[in-house]
Amino acid sequence: MGIIAWILIGLLAGAIAKLLLPGKDPGGIIITMLIGIAGGLLGGWLGKVIFGVESINGFFHLSTWIAAIVGSLILLVLYRLFTGDRGSRRHA
């Protein structure tokens, strides 16, 4: 798959991950899109390492989308854990 396909899958996987984990994220839509792109790559890598399968078969294969969405969910949860709710804390 080409880089454009990776970006499209990542963007869509990030949007799906955001739908599955609603809530306010620090960083906005740009960060969510970047998390989606990185999550797609992470999902493909995890599929190869953990299950020993080629999880990224092509743009229209279900395994590609599942791997990308799972990777995006993992990164979104980690992002929320590390950034927390920094915007609502006020120092006196």
Side-chain angles (χ1 to χ4, degrees):
M1 286 193 318
I3 190 72
I4 301 298
W6 277 105
I7 291 171
L8 286 175
I9 288 173
L11 293 174
L12 293 171
I16 292 168
K18 177 70 174 162
L19 288 173
L20 294 174
L21 291 173
K24 186 171 170 95
D25 289 322
I29 186 112
I30 301 296
I31 298 297
T32 303
M33 289 189 296
L34 293 174
I35 287 172
I37 294 168
L41 296 172
L42 174 67
W45 180 77
L46 287 175
K48 289 179 187 178
V49 171
I50 294 173
F51 301 111
V53 296
E54 183 66 35
S55 60
I56 305 300
N57 294 321
F59 190 83
F60 294 107
H61 284 91
L62 183 61
S63 62
T64 300
W65 288 94
I66 290 172
I69 292 168
V70 168
S72 296
L73 285 169
I74 291 169
L75 289 183
L76 186 57
V77 167
L78 289 174
Y79 178 69
R80 286 182 180 179
L81 286 174
F82 285 113
T83 60
D85 194 13
R86 293 182 183 174
S88 66
R89 292 185 202 150
R90 297 196 179 195
H91 299 287

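Please read all numbers here as calculations on a predicted model, not as lab measurements. Computed over heavy atoms, backbone and side chain alike; hydrogens, waters and symmetry mates excluded.
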Nearest non-hydrogen partners of Arg80 and Leu21, listed with the distance: NH2-O, 2.5 Å
Distance (rounded to the nearest 0.5 Å) between Leu76 CG and Ile16 CD1: 13.0 Å
Heavy-atom pair with the smallest gap, counting every atom of Gly14 and Ser72: N-OG, 3.9 Å
Side chains of Leu20 and Ile69 in contact at under 4.5 Å (non-hydrogen atoms): yes
All side chain to side chain contact (heavy atoms under 4.5 Å, CB included) counterparts of Ile74, not counting sequence neighbours: Leu42, Leu46, Val70, Leu78
Residues that Leu34 engages under side chain to side chain contact (heavy atoms under 4.5 Å, CB included), provided they are two or more places apart: Ile30
ILVMFWY cluster, Leu73 and Leu19 together (side-chain gap under 4.5 Å): no
Ile31 with Leu81, same ILVMFWY side-chain cluster at under 4.5 Å: yes
Approximate separation, where rounding is to 0.5 Å, of Leu8 CG and Ile37 CD1: 9.0 Å
Distance-minimising heavy-atom pair for Leu75 and Gly39: CD1-N, 3.3 Å
